[in-house]
Asker: 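Below: one structure in C-alpha cells.
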Amino acid sequence: QVQLVESGGGLVQPGGSLRLSCAPSGRIFSIRAMAWYRQAPGKQRELVASITSDGSTNYDKSAKGRFTISRDNANNTVSLQMNSLKPEDTAVYYCKAVGLRLWSYSYGMDYWGKGTPVTVSS
C-alpha cells in the first residue's frame with residue numbers, strides 16, 4: 001500500500017520561509033491532482049493550494065502572493081514554497097493526492113499524508 005510522505009515542516013520566525021515536499025512512498029502510475037491542506041489547533045482542515053496534472057493552480061486567499069505550489073509529474077511529487085510566514089500560518093500541513101492510480105488499470109483513489117507541523121513564532 002502506498003503512502004504519501006511529507007517533509008520540510010518546522011519552526012520558523014515570522015517573515016521567514018519554508019518549503020514543504022510530498023512524495024509517494026513507492027512507485028505509482030499517475031496522480032490527477034495534488035493539494036496541500038492545513039489544520040490549526042481547534043479548527044477544521046482547510047485547503048491551502050492545489051495543482052492539477054496540467055499545472056493549473058488554485059490558492060486560498062490567505063496563501064495568494066505568499067505561497068507557491070508546484071509539482072513534478074515525472075516523480076509525482078508536490079511542493080509548497082511558503083514565504084512571508086505569519087503566526088496564523090501555524091498548523092499541521094497535509095498533502096493530498098486526488099485520483100492516484102497505482103497501475104494503469106487501477107481506479108483513481110484519494111490519499112492523505114500524515115502531516116508535517118509548521119510553527120511560526122518568534
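Numbers here are sequence positions counted from 1. Just so you know, these numbers use all the heavy atoms, side chains as well, and skip hydrogens, waters and symmetry mates.
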Asker: Treating N73 as the side-chain partner and S53 as the backbone partner, does any N or O pair qualify as donor plus acceptor under 3.5 Å?
Answerer: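 Present.
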
Asker: Write down the atom of T90, the atom of V120, and the distance for their closest heavy-atom approach.
Answerer: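 Closest approach of T90 to V120, heavy atoms only: OG1-N, 2.9 Å.
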
Asker: For the atom pair CZ (R71) and CG (L80), what is the distance rounded to the nearest 0.5 Å?
Answerer: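 It comes to 14.0 Å.
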
Asker: Which atom pair, heavy atoms only, marks the closest approach of Q81 to S17?
Answerer: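 Minimum heavy-atom separation between Q81 and S17: NE2-CB, 3.9 Å.
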
Asker: Are V48 and V12 in one and the same hydrophobic cluster, where Ile, Leu, Val, Met, Phe, Trp and Tyr link if side-chain heavy atoms are under 4.5 Å apart?
Answerer: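 The answer is yes; both residues are in one hydrophobic cluster.
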
Asker: Hey, any chance Y93 and V98 share a hydrophobic cluster, counting ILVMFWY side chains that come within less than 4.5 Å of each other, even indirectly?
Answerer: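 No, it is not one cluster - the side chains of Y93 and V98 are not joined through contacts under 4.5 Å.
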
Asker: Atom CG in N83, atom OG1 in T68: separation rounded to 0.5 Å?
Answerer: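 Interatomic distance, N83 CG to T68 OG1, rounded to 0.5 Å: 6.5 Å.
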
Asker: Considering non-hydrogen atoms only, spot the tightest contact between S121 and P14 and give its length.
Answerer: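 Closest pair (atom of S121, atom of P14, distance): C-CD, 3.6 Å.
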
Asker: Minimum heavy-atom separation for V78 and C95, please, with both atom names.
Answerer: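 Between these two residues, the closest heavy atoms are CG1-SG, 3.8 Å.
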
Asker: Working to the nearest 0.5 angstrom, can you tell me the gap between S122 OG and L11 CG?
Answerer: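 Atom-to-atom, S122:OG and L11:CG are 9.5 Å apart.
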
Asker: In terms of hydrophobic clusters joined by side-chain contacts under 4.5 Å, are M82 and I69 together?
Answerer: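 Looking at the clustering, I69 is in the same group as M82.
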
Asker: Linking I/L/V/M/F/W/Y whenever their side-chain heavy atoms sit closer than 4.5 Å, directly or via other members, would L4 and V2 fall into one cluster?
Answerer: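 Linked within one cluster.
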
Asker: Would you confirm whether D110, through its side chain, and L100, through its main-chain N or O, come within 3.5 Å as a donor-acceptor pair?
Answerer: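 The answer is no, because no donor-acceptor pair under 3.5 Å joins these two groups.
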
Asker: Output every pair passing salt bridge (Lys or Arg N to Asp or Glu O under 4.0 Å) with a member in residues 41-62, not counting sequence neighbours, ordered by first then second residue.
Answerer: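 Every salt bridge (Lys or Arg N to Asp or Glu O under 4.0 Å) pair that includes a residue of residues 41-62, provided the two are not neighbours, is R38-E46.
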
Asker: CE of M34 to OG of S70: how many Å apart, nearest 0.5 Å?
Answerer: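 Here the interatomic distance stands at 10.5 Å.
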
Asker: For the pair E6 (side chain) and K114 (backbone), establish whether a donor and an acceptor sit closer than 3.5 Å, ignoring hydrogens and angles.
Answerer: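 Flag set: sc E6 to bb K114 pair under 3.5 Å.
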
Asker: For residues G115 and V92, report the shortest heavy-atom separation together with the two atoms involved.
Answerer: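 Closest heavy-atom pair between G115 and V92: CA-CG1, 3.8 Å.
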
Asker: Is the closest side-chain heavy-atom distance between L85 and F67 below 4.5 Å?
Answerer: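 They are in side-chain contact.
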
Asker: Any donor and acceptor pair, going by atom type alone, linking the side chain of R66 with main-chain N or O of S84 inside 3.5 Å?
Answerer: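 Here the side-chain-to-backbone pair exists.
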
Asker: Run the side chain to side chain contact (heavy atoms under 4.5 Å, CB included) test against V5 and tell me which residues pass, sequence neighbours left out.
Answerer: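 If we apply the side chain to side chain contact (heavy atoms under 4.5 Å, CB included) test to V5, skipping adjacent residues, the hits are S25.
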
Asker: Y37: which residues meet the ring-ring contact (aromatic ring centres under 6.0 Å, His included) condition with it, sequence neighbours left out?
Answerer: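 So Y37 forms a ring-ring contact (aromatic ring centres under 6.0 Å, His included) with W112.
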
Asker: Give me the atom names and distance for the closest heavy-atom approach of A49 to L47.
Answerer: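 Shortest heavy-atom contact: O-CD1, 3.6 Å.
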
Asker: Does E88 CD have over 12 foreign heavy atoms under 6.0 Å away?
Answerer: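 It does: E88 CD has more than 12 such atoms within range.
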
Asker: First locate atom SG of C22, then atom CG of N76, and finally report the distance between them rounded to the nearest 0.5 Å.
Answerer: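 It is 10.5 Å, given to the nearest 0.5 Å.
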
Asker: Y107 and I31: same hydrophobic cluster, using ILVMFWY side-chain contacts below 4.5 Å?
Answerer: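 Y107 and I31: separate clusters.
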
